[in-house]
Engineer: 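This is the structure I have questions about; it appears just below.
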There are 2 protein chains.
Amino acid sequence: MTYQDNVSVIDCDKCPLRGQDCFTSFKPDEVSFMQRFKTGEMVADAGTELFIEGARSAQLFTVLSGMGIRYKTLEDGSRQVISFVMPGDFIGLQAGVMDEMCHSVEASTPMRLCVFNRNRVFELFQNQPDRAFALTHIAAVEEHFLGEALTTVGQRGAVDKIAWSLHRFFCRARVLDLTKDDTCPLPFRQQDLADALGLSLVHTNKTLAKLRARGVASWSHGVLWVMDEPELTKLSGIDPERVQPRPLI
Amino acid sequence: MTYQDNVSVIDCDKCPLRGQDCFTSFKPDEVSFMQRFKTGEMVADAGTELFIEGARSAQLFTVLSGMGIRYKTLEDGSRQVISFVMPGDFIGLQAGVMDEMCHSVEASTPMRLCVFNRNRVFELFQNQPDRAFALTHIAAVEEHFLGEALTTVGQRGAVDKIAWSLHRFFCRARVLDLTKDDTCPLPFRQQDLADALGLSLVHTNKTLAKLRARGVASWSHGVLWVMDEPELTKLSGIDPERVQPRPLI
DNA sequence: CGAGAACTTGATTCAACTCAACACTGGTGG
DNA sequence: CCACCAGTGTTGAGTTGAATCAAGTTCTCG
């Protein structure tokens with residue numbers, strides 16, 4: 001399952017994410033504050049449930065590496081994937097400010113997570129206005145993204161939905177430097193994508209085949225290959241995908 | 001259109017919303033801070049665009065009275081209603097922390113808004129940790145709601161979608177004390193509801209008729225009448241609708 | 001090598017969409 | 001004052017995109 005890995009904890013100082021230019025830069029005292037705020041690291045195997053809907057959690061995480069999914073489950077067993085979780089994402093904010101999580105988070109690959117203590121979140125508001133602002137910024141960005149997802153799921157057809165999803169993922173991967181040429185890892189199941197877009201597994205599969213046949217994008221064996229990026233961008237309906245640096249917690 | 005109404009500005013001290021028990025209480029110094037933070041009031045006619053997608057805005061608002069919709073527009077002209085805006089809602093957070101809004105906001109009824117200055121948001125983080133936390137809390141609640149909306153739009157059938165939407169609205173209205181017996185104002189068009197749920201106008205109309213015929217709920221002439229609340233709740237798929245007090249800005 | 005999970009593909013069904021007409025309302029101007 | 005119009009709501013008929021059902025095929029891993 002999961003285990004604490006106290007030996008090889010990374011210093012915030014040397015955090016491999018912080019340097020990337022898709023994240024806003026830290027002031028020196030912010031780094032040292034985060035170092036004190038951080039209570040450890042955790043490694044999770046693929047399949048681990050990091051959070052469970054409705055549960056209170058004492059811990060909050062920042063993803064150092066690996067990927068996962070946030071999702072909600074309905075009474076009838078159907079599932080809505082809310083978003084894909086990637087390195088740099090902060091998870092558990094809802095548990096941090098409200099009393100409980102309103103969705104579950106599951107690791108799709110092995111993940112390494114930076115661990116924070118829930119009951120120290122308020123310290124951050126008291127002592128580190130910049131960090132508190134960053135937290136709010138992250139929440140606003142997440143809200144923005146959910147609005148886009150809602151729009152896609154509510155208004156577009158299957159081809160556009162899939163295209164949007166693949167395009168968005170590829171762009172996120174690129175700023176994280178996870179792409180190689182026109183490819184990037186996409187370690188989810190077709191079922192996950194289907195549940196994210198409100199499509200059936202079968203239709204998702206057929207639509208992916210269509211995009212592959214059209215020479216737009218191809219996803220197999222956990223690797224996404226963007227064959228015709230302009231076309232994918234056009235189908236996705238996203239303007240220039242403003243890549244604005246976002247804060248890291 | 002809109003105009004400043006400098007004469008009858010309400011003191012935060014006497015804010016009619018603050019007293020309601022659906023909002024968390026303020027400490028005295030928080031009230032005085034908000035009073036200084038508040039730069040005025042605005043009255044908007046029905047139909048006014050409070051925010052326009054993509055624009056920067058110098059102002060942020062808290063809704064004092066009236067209702068509206070948040071929405072995104074797509075290239076092809078279709079529209080996704082992100083949420084319904086009700087008294088107590090804080091709008092413009094995205095403009096406040098990111099540089100621009102990623103959805104528009106339109107008044108559906110005449111609205112009275114409390115106006116704040118965007119460039120003073122950071123003061124709040126520097127001087128008022130409680131208020132800053134409240135802002136983050138609001139963002140997290142909004143994120144929670146959007147996740148629920150996404151789940152509904154993605155996974156449920158038309159009857160459930162409509163039921164969820166009506167139930168949610170009625171619950172929100174009730175905690176704001178806008179209900180009278182089993183009714184509450186619902187000042188939107190069927191098209192707005194359709195665009196919120198990703199349904200066509202025609203199908204929305206037919207589904208509303210179905211709920212009316214079944215004796216569950218009836219919406220006409222801007223008034224929602226909940227005829228069978230247990231049934232509506234059941235259809236909506238919401239557990240107990242935990243009514244947790246939320247902060248007001 | 002066998003078993004389960006994931007992915008494919010074709011055939012059929014159904015929920016929701018589009019089209020099209022009509023009813024009701026309130027506002028405007030001749 | 002009434003004719004007209006634009007916005008909104010209602011209803012029926014026919015179409016379609018996506019769901020479901022049903023059978024494979026390929027992968028993965030113990």
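In the text below, chain A, chain B and the rest are named by the order of the sequence lines, each starting its count at 1. In this text the structure is predicted, and so the values were computed from the model without any measurement.
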Engineer: Identify the heavy atoms of A/Thr152 and A/Lys161 that sit nearest to each other, and give their distance.
Structural biologist: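 The pair with the smallest heavy-atom distance is O-CE, 3.6 Å.
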
Engineer: Whole-Å distance between D/dG9 P and B/Arg212 CZ?
Structural biologist: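 Rounded to whole Å, this separation is 11 Å.
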
Engineer: Using atom types as modelled, flag every donor-acceptor pair under 3.5 Å from a side chain in residues 50-58 of chain B to any protein atom, sequence neighbours excluded.
Structural biologist:
unit_1, atom_1, unit_2, atom_2, d
B/Glu53, OE1, B/Thr73, N, 3.3
B/Ser57, OG, B/Gln59, N, 3.2
B/Ser57, OG, B/Gln59, O, 3.0

Engineer: Starting from C1' on C/dA16, measure out to CG on B/Leu197 and report it in whole angstrom.
Structural biologist: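 Between C1' of C/dA16 and CG of B/Leu197: 13 Å.
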
Engineer: Which residue pairs pass the ring pair (Phe, Tyr, Trp, His ring centres under 6.0 Å) test with at least one member in residues 189-212 of chain B, sequence neighbours excluded?
Structural biologist: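 Output for this query is empty, none listed.
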
Engineer: Kindly write out the residues that satisfy side chain to side chain contact (heavy atoms under 4.5 Å, CB included) with A/Ser78, not counting sequence neighbours, or none if the list is empty.
Structural biologist: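 Only A/Leu74, A/Asp76, B/Gln155 meet the side chain to side chain contact (heavy atoms under 4.5 Å, CB included) criterion with A/Ser78.
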
Engineer: Scan residues 66-74 of chain A against DNA chain D and write down, sorted by residue number, each residue with any heavy atom closer than 4.0 Å; if none is found, say none.
Structural biologist: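 Close to the strand, none.
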
Engineer: Is A/Gly222 touching bases, backbone alone, or none of the nucleic acid, heavy atoms closer than 4.0 Å?
Structural biologist: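 No contact.
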
Engineer: Five pairs per end, C1' atoms only: what is the angle between the end axes of the helix from C/dC1-D/dG30 to C/dG30-D/dC1, to 10 degrees?
Structural biologist: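 Computed from the C1' atoms at both ends, the axes differ by 30°.
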
Engineer: Mark up nucleotides 25-30 of chain D, 5' to 3', with B wherever a protein heavy atom is under 4.0 angstrom from a base atom, S wherever such an atom reaches only the sugar-phosphate, and - elsewhere.
Structural biologist: --S---

Engineer: Assign each of B/Ser220 and A/His203 to its nearest nucleotide of DNA chain D by heavy atoms, then name whichever residue's nucleotide is nearer the 5' end.
Structural biologist: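 On the 5' side of the pair lies B/Ser220.
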
Engineer: In whole Å, what is the span from the CG atom of B/Asp192 to the C1' atom of D/dG9?
Structural biologist: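 Taking CG of B/Asp192 and C1' of D/dG9, I get 13 Å after rounding.
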
Engineer: Decide yes or no for B/Leu166 and B/Ile162: does some side-chain heavy atom of the first lie under 4.5 Å from some side-chain heavy atom of the second?
Structural biologist: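 In contact.
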
Engineer: Among residues 78-85 of chain A, which residues get a heavy atom nearer than 4.0 Å to DNA chain C?
Structural biologist: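 Here the set is empty: none.
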
Engineer: Round to a whole Å and report the spacing from CD of B/Gln190 to P of C/dT25.
Structural biologist: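 So the CD-P distance, B/Gln190 to C/dT25, works out to 15 Å.
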
Engineer: Could you check how far CG of B/Leu224 sits from C1' of D/dG9, rounded to whole Å?
Structural biologist: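 Distance, rounded to whole Å: 17 Å.
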
Engineer: State the CZ-OG1 distance between B/Arg156 and B/Thr151, to the nearest 0.5 angstrom.
Structural biologist: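 One finds 8.0 Å between CZ of B/Arg156 and OG1 of B/Thr151.
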
Engineer: Could you name each residue pair satisfying salt bridge (Lys or Arg N to Asp or Glu O under 4.0 Å) that touches residues 177-189 of chain A, not counting sequence neighbours?
Structural biologist: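 Listed by first then second residue: A/Arg189-A/Asp192.
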
Engineer: Would you say that A/Gln80 contacts A/Asp195 through its side chain, given a criterion of any heavy-atom pair below 4.5 Å between the two side chains?
Structural biologist: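 With C-beta onward as the side chain, the pair stays apart.
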
Engineer: Measure from CG on A/Asn205 to P on D/dA23 and round the result to the nearest Å.
Structural biologist: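 Answer to the nearest Å: 18 Å.
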
Engineer: Applying salt bridge (Lys or Arg N to Asp or Glu O under 4.0 Å) to B/Lys234 and B/Asp160, what does each step give before you reach the verdict?
Structural biologist: CA-CA 9 Å; B/Lys234 208 182 87 193; B/Asp160 293 0; over 6 Å; no

Engineer: What are the two closest heavy atoms between B/Ile10 and B/Arg112, and how far apart are they?
Structural biologist: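 That closest heavy-atom pairing would be CD1-CD, 4.5 Å.
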
Engineer: Hey, what are the protein-to-nucleotides 10-12 of chain C N/O distances that come in under 3.5 Å?
Structural biologist:
unit_1, atom_1, unit_2, atom_2, d
C/dG10, N7, A/Lys206, NZ, 3.2
C/dA11, N6, A/Lys206, NZ, 3.2

Engineer: If every non-hydrogen atom of B/Lys72 is compared with every non-hydrogen atom of B/Cys102, which pair is closest and at what distance?
Structural biologist: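 Looks like NZ-O, 2.8 Å.
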
Engineer: Which residue pairs pass the salt bridge (Lys or Arg N to Asp or Glu O under 4.0 Å) test with at least one member in residues 215-227 of chain A, sequence neighbours excluded?
Structural biologist: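 The answer is none; no pair qualifies.
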
Engineer: Give every residue pair that meets the salt bridge (Lys or Arg N to Asp or Glu O under 4.0 Å) criterion with at least one member in residues 201-229 of chain A, sequence neighbours excluded.
Structural biologist: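 Applying salt bridge (Lys or Arg N to Asp or Glu O under 4.0 Å) to every pair that reaches into residues 201-229 of chain A, excluding sequence neighbours, yields A/Arg174-A/Glu229.
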
Engineer: Could you measure the distance from the CD atom of B/Gln94 to the CZ atom of B/Arg70? Nearest 0.5 Å is fine.
Structural biologist: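 If I round to the nearest 0.5 Å, the distance is 8.0 Å.
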
Engineer: Does the side chain of B/Leu64 come within less than 4.5 Å of B/Leu113's, by heavy atoms?
Structural biologist: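 B/Leu113 vs B/Leu64: side chains apart.
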
Engineer: Quick one: ring pair (Phe, Tyr, Trp, His ring centres under 6.0 Å) pairs with a partner in residues 65-84 of chain A, sequence neighbours left out?
Structural biologist: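 Residue pairs with at least one partner in residues 65-84 of chain A: A/Phe84-A/Phe188.
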
Engineer: Measure CG/B/Leu201 against C1'/C/dC22 and give the value in whole Å, please.
Structural biologist: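 Computing the B/Leu201:CG to C/dC22:C1' distance gives 14 Å.
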
Engineer: Roughly how many Å is it from CG in B/Leu186 to C1' in D/dG9, rounded to a whole number?
Structural biologist: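 Those two atoms, CG and C1', are 14 Å apart.
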
